[in-house]
Number of protein chains: 2
Amino acid sequence: MSLEHAILVSLSEQSSSGYDLARRFDRSIGHFWTATHQQVYKVLGRMESAGWVVADVVEQDGRPDKKVYALTDDGRAELREWLAEPAQPEVTRSELAVKVRGAANGDVRAVLAEVRRHRELHADRLDTYLANEKHEFPDPARLRGRRLHQYLVLRGGISLERGAIEWCDEILTALTPATKRTR
Amino acid sequence: MSLEHAILVSLSEQSSSGYDLARRFDRSIGHFWTATHQQVYKVLGRMESAGWVVADVVEQDGRPDKKVYALTDDGRAELREWLAEPAQPEVTRSELAVKVRGAANGDVRAVLAEVRRHRELHADRLDTYLANEKHEFPDPARLRGRRLHQYLVLRGGISLERGAIEWCDEILTALTPATKRTR
DNA sequence: TTCCGCATGTAACCAGTTACATGATTAC
DNA sequence: GTAATCATGTAACTGGTTACATGCGGAA
């Protein structure tokens with residue numbers, strides 16, 4: 001697909017500036033799609049030319065002006081069509097996995113240190129996701145529509161991180177010498 | 001990183017042709033890194049210029065000639081250095097997740113059908129991985145070194161697929177009307 | 001005779017990253 | 001004074017995808 005449709009989804013929830021979108025791609029939607037601000041601006045330009053979004057310049061005091069983008073009817077139509085298309089299966093590219101596979105060609109302990117570091121990164125992300133879940137969706141059983149969909153995506157992020165942590169632990173258990181492990 | 005190092009790892013296990021490498025990227029290593037044959041050939045060219053690999057033309061009867069690539073000492077050195085560097089955390093890009101999040105903007109049932117389709121794709125991949133595990137690593141407790149590392153990466157693929165299936169199921173349970181579910 | 005597997009590639013293109021650039025305000 | 005946050009962008013580059021091209025052998 002590419003960023004376009006992720007932006008359409010994001011704008012369907014809330015009109016916002018490129019800056020704001022870029023920040024949201026560091027959070028909520030960002031669990032499953034990332035984008036730098038440079039790319040967001042570039043793509044927004046294209047989308048405006050295509051007539052999917054319109055910009056409204058908002059002046060602020062004490063802060064730079066901003067362009068707030070909103071979906072047009074064409075944008076909404078595009079989004080609807082895209083949703084009906086098949087989604088291609090995600091490709092997981094894990095540099096860490098390649099390093100683990102090739103570890104015997106270098107210093108295995110260095111690779112293990114990386115696995116440990118990644119484990120912590122995933123644990124941190126899991127914590128933020130869980131805090132998010134607790135704070136934003138305290139009563140999941142009652143959720144309907146949009147909110148339920150958002151919740152489900154967050155749940156996906158949570159189980160992804162849990163899986164990653166478990167995998168790191170499996171590697172660490174298997175590759176840490178028993179002498180170190182038991183002491 | 002990029003493909004280069006994945007190819008170095010692959011060649012460290014077994015010298016092979018570009019065609020063969022491309023096929024392996026559809027399997028074993030491919031759980032965590034993919035590449036088309038076009039890209040493999042392109043990168044192999046670059047790697048040969050850099051002196052990381054050498055090609056040996058092998059004539060075959062009844063089949064086209066092939067170039068079998070092998071690691072050089074420089075290639076091995078490069079691999080060793082790369083293994084000592086930190087790995088950047090993977091970015092998971094899931095088109096399906098974006099569709100789930102935006103589902104309310106279109107036909108929710110169409111998105112659910114996609115979730116169901118993806119569930120089956122993941123289930124199929126899980127089956128191949130499990131068959132692989134059983135066949136190639138019947139006695140995991142005894143594994144050491146390279147073989148153990150390969151096994152651990154396969155385990156990662158397995159838990160990734162399991163996680164994906166569970167997530168799909170969670171979505172299906174949450175979004176399928178109870179009337180259809182209980183029947 | 002048509003399609004699949006083996007085997008290697010080129011060319012055009014697109015998506016995404018990194019580096020660079022500007023400028024005001026606020027908090028330490 | 002120094003760094004962080006808000007806000008928008010351009011330019012160069014890299015990595016990866018898609019389309020196209022060739023040619024033999026064997027199976028259906």
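Within residues 39-46 of chain A, the residues that have a heavy atom under 4.0 Å from DNA chain C are, in order of number, A/Q39, A/K42, A/R46.
For A/W33, counting side-chain heavy atoms from C-beta on, the closest listed nucleotide (D/dT18, C/dG9, C/dG16) is C/dG16. Taking the side chain of A/H37 as heavy atoms from C-beta on, and the options D/dT8, C/dC6, C/dG23, the nearest nucleotide is D/dT8. When distances run from any side-chain atom of B/K66 to the nucleotides D/dC6, C/dA7, D/dC20, the shortest one goes to C/dA7. Picking from D/dT8, C/dC6, C/dT8 the nucleotide with the shortest atom distance to the side chain of A/K67 gives D/dT8. With C/dT8, D/dA7, C/dC6 as the candidates, the nucleotide lying closest to the side chain of B/P64 is C/dC6.
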One pair to check against side chain to side chain contact (heavy atoms under 4.5 Å, CB included): A/D20 and A/V68. What are the steps and the verdict? CA-CA 9 Å; A/D20 235 59; A/V68 175; over 6 Å; no

Apply salt bridge (Lys or Arg N to Asp or Glu O under 4.0 Å) to residues B/E114 and B/R117 and explain how you reach the verdict. CA-CA 5 Å; B/E114 265 308 283; B/R117 190 175 70 91; 2.9 Å; yes

Should B/E4 and B/S2 be marked as a side chain to side chain donor-acceptor pair (under 3.5 Å) after you check the CA-CA gap, both sets of side-chain angles, and the distance that decides it? CA-CA 6 Å; B/E4 265 93 339; B/S2 70; 2.9 Å; yes

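In this structure, A/W167 is a member of the same hydrophobic cluster as B/L148, with clusters built from ILVMFWY side-chain heavy atoms closer than 4.5 Å.
Taking only side-chain nitrogens and oxygens, B/Y19 comes nearer than 4.0 Å to OP1 or OP2 of C/dC6. A close approach under 4.0 Å does occur between a side-chain nitrogen or oxygen of B/R93 and OP1 or OP2 of C/dG16. OP1 or OP2 of C/dT17 has not a single side-chain nitrogen or oxygen of A/Q38 nearer than 4.0 Å.
The only member of B/V43, B/L79, B/L71 that meets side chain to side chain contact (heavy atoms under 4.5 Å, CB included) when paired with B/I7 is B/V43.
One can place CD of A/E59 at 14 Å from P of C/dT25, the figure rounded to the nearest angstrom. Atom pair A/L21:CG and D/dC6:P shows a separation of 14 Å (rounding to whole Å applied). D/dG16 atom C1' lies 13 Å from atom CD1 of B/I7, rounded to whole Å. The distance from atom CD of A/E4 to atom P of C/dA15 is 6 Å, rounded to the nearest whole Å. Residue B/R23 contributes atom CZ, which lies 17 Å from atom P of C/dC4 at whole-angstrom precision.
In this structure, B/E85 does not pair ionically with A/K99, as no charged nitrogen and carboxylate oxygen lie closer than 4.0 Å.
The number of heavy atoms from other shown groups lying within 6.0 Å of CG (A/D61) does not exceed 12.
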